[in-house]
S.K.: 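Sending over a structure as C-alpha cells; questions will come in a sec.
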Number of protein chains: 2
Amino acid sequence: MDIQLKRGILDVCVLAAIKKEDSYGYKIIKDMKPYIELSESTLYTILKRLEVANMLIVRNVEHGGRLRKYYHITGEGLKRIEDFKEEWKEMMSIYQYVTREDDANE
Amino acid sequence: MDIQLKRGILDVCVLAAIKKEDSYGYKIIKDMKPYIELSESTLYTILKRLEVANMLIVRNVEHGGRLRKYYHITGEGLKRIEDFKEEWKEMMSIYQYVTREDDANE
DNA sequence: GTGTAATACATCGTAACACGAGGTATCGTT
DNA sequence: AACGATACCTCGTGTTACGATGTATTACAC
C-alpha cells in the first residue's frame with residue numbers, strides 16, 4: 001500500500017488499537033497487522049508523538065524481566081478519533097470527485 | 001483538513017482534474033477548490049512529478065500573450081486512478097478498524 | 001497613466017513524517 | 001551454546017506539501 005495514503009490514518013489507527021484496552025508497542029503492531037502494516041521504528045515515533053500531544057499516557061510495567069510500556073488513550077486521543085471521522089467525510093467527497101464519471105456512457 | 005490525510009490523494013486528484021479534458025495549472029486549482037485546496041507551489045510540484053512518472057504529457061500553448069501549459073493524461077495516468085480505487089478499498093477496511101465499536105453498548 | 005487584482009508560470013528552503021538499518025537486552029526452545 | 005521471539009530505542013534518509021518569493025502580462029478602476 002502506498003506510503004502517502006497511509007500517512008493520514010496511521011496516528012488514528014494506533015489510537016484505535018489502544019482504545020478498547022491499554023496495549024504496548026509490540027502488541028499494537030501485531031494487532032494492526034491484518035489491517036495495516038507498520039515498522040517498529042514508525043510505531044515508536046508515532047507513540048512518542050501522540051504522547052507529546054497528550055493523546056495517550058504511558059505506564060511502565062515489569063513483565064517477565066522485560067520492560068513493557070503500556071499506552072492508555074486520553075480524552076484528547078478519543079477526540080482525535082472523532083475528529084478523524086469528520087475528516088473522513090471530506091475524504092469521501094474527494095473520492096467521489098476522483099472516481100466520478102463525467103458522461104453516462106462509460 | 002489535515003495535510004497528512006491529503007497526501008495520498010492529491011496526485012490522483014490532479015489526474016482526475018485533467019481526465020475529462022486537458023487543463024492547465026491555474027484552472028486545475030480552481031476546479032479542485034470546492035473539493036480540496038492546494039497551493040500553487042504544491043500543484044506545480046505535483047505536475048512535474050506526474051510528468052516525470054509519465055502519467056501526463058505537457059503541451060505549451062500561447063494564450064493572450066501568456067504561456068499556458070496544458071496537461072494531458074496518459075494511459076499510465078488513467079491506470080494510476082484505477083489502482084487508487086483498489087487502494088481505497090484497503091483504506092475503507094482500515095477505516096472500519098478505526099471506527100469499530102468493540103461492544104454493543106456504546 | 002498609475003495602481004491593483006487576476007492570470008499564469010516557477011524556485012527555494014523548511015518541517016513533518018515513514019522507514020530501513022542498526023543497537024540493546026531478556027526469555028524460551030533446541 | 002545458538003537462535004528466534006519478545007521488547008525497547010536511535011539515527012539518517014528520502015518524499016512531500018507549503019509558504020515565501022519572483023517574473024510577466026492583461027484588464028479594470030480611479
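Every chain is numbered from 1, with letters handed out A, B, ... down the list of sequences. Excluded from the calculations below are hydrogen atoms, water molecules and symmetry mates; all remaining heavy atoms, backbone and side chain alike, are included.
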S.K.: Quick one: which of C/dC9, C/dC19, D/dC8 gets closest to the side chain of A/Lys6?
M.R.: C/dC19
S.K.: Please report the distance, rounded to the nearest Å, between CZ in A/Arg68 and P in D/dA5.
M.R.: 17 Å
S.K.: Can you tell which of D/dC18, D/dC8, C/dT7 lies closest to the side chain of B/Leu10?
M.R.: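 Looking only at heavy atoms from C-beta outward on B/Leu10, the closest nucleotide is D/dC18.
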S.K.: Which one, C/dC9, D/dG19, D/dC8, comes nearest to the side chain of B/Ser41?
M.R.: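 Per side-chain heavy atoms of B/Ser41, the pick is D/dG19.
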S.K.: Which nucleotide in the list D/dT16, C/dC19, C/dA8 gets nearest to the side chain of A/Gln4?
M.R.: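 Looking only at side-chain atoms, A/Gln4 lies closest to D/dT16.
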S.K.: At under 4.0 Å, does any side-chain N or O of A/Arg49 touch on OP1 or OP2 of C/dA16?
M.R.: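 So the side chain of A/Arg49 is outside the cut-off, no N or O lying under 4.0 Å from OP1 or OP2 of C/dA16.
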S.K.: Around atom NZ of A/Lys79, are there more than 12 heavy atoms from other residues, nucleotides or ligands closer than 6.0 Å?
M.R.: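 12 or below, so no.
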S.K.: Which distance, rounded to the nearest 0.5 Å, do you find between the CH2 of B/Trp88 and the CE of B/Met92?
M.R.: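 The CE atom of B/Met92 is 7.5 Å from CH2 of B/Trp88, to the nearest 0.5 Å.
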S.K.: Nearest-nucleotide wise, let me know which of A/Leu47 and B/Ile46 is further upstream toward the 5' end of DNA chain D.
M.R.: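 By nearest-heavy-atom nucleotide position, the 5'-most residue is A/Leu47.
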S.K.: Just how far is it from atom CG of A/Leu47 to atom CZ of A/Arg49, taken to the nearest 0.5 Å?
M.R.: 9.5 Å
S.K.: Of all the choices, C/dA21, C/dA18, D/dA17, which nucleotide is nearest to the side chain of B/Arg7 once you look at every atom?
M.R.: D/dA17
S.K.: Just to verify, what does A/Ile36 make a side-chain contact (heavy atoms from CB on, under 4.5 Å) with, not counting sequence neighbours?
M.R.: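 Only A/Lys6, A/Ile9, A/Leu10, A/Cys13, A/Met32, B/Ile94 meet the side-chain contact (heavy atoms from CB on, under 4.5 Å) criterion with A/Ile36.
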S.K.: Among all residues two or more places apart in sequence or in another chain, which pass the salt bridge (Lys or Arg N to Asp or Glu O under 4.0 Å) test with B/Glu21?
M.R.: none
S.K.: From the options D/dC9, C/dG20, C/dA18, select the nucleotide whose nearest atom is closest to the side chain of A/Asp11.
M.R.: C/dA18
S.K.: Between P on D/dT16 and CD1 on A/Ile3, what's the gap in Å once rounded to a whole number?
M.R.: 9 Å
S.K.: I want to verify a distance call: between D/dG19, D/dT16, C/dA8, whose nearest atom is closest to the B/Ser39 side chain?
M.R.: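 Taking heavy atoms from C-beta onward, the closest nucleotide is D/dG19.
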S.K.: Among D/dC8, C/dC19, C/dC9, which nucleotide has an atom closest to any side-chain atom of B/Tyr26?
M.R.: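 For the B/Tyr26 side chain, the nearest candidate turns out to be C/dC9.
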S.K.: With respect to the side chain of A/Arg66, which nucleotide from D/dA7, D/dC8, D/dC18 is positioned closest?
M.R.: D/dA7
S.K.: Expressed in angstrom and rounded to an integer, what is the separation of B/Lys69 atom NZ from C/dA8 atom C1'?
M.R.: 11 Å
S.K.: Could you state the CD1-C1' distance from B/Ile28 to C/dC9, rounded to the nearest angstrom?
M.R.: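 So the CD1-C1' distance, B/Ile28 to C/dC9, works out to 12 Å.
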S.K.: Check every atom of D/dC18, C/dC19, D/dC8 against the side chain of B/Thr45 and return the nucleotide holding the closest atom.
M.R.: D/dC18
S.K.: Has the side chain of B/Glu40 got a donor or acceptor that lies under 3.5 Å from a partner of the other kind on the base of C/dC9?
M.R.: yes
S.K.: From CG of B/Asn60 over to P of C/dC9, roughly how many Å is that when rounded to an integer?
M.R.: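 These atoms are roughly 10 Å apart.
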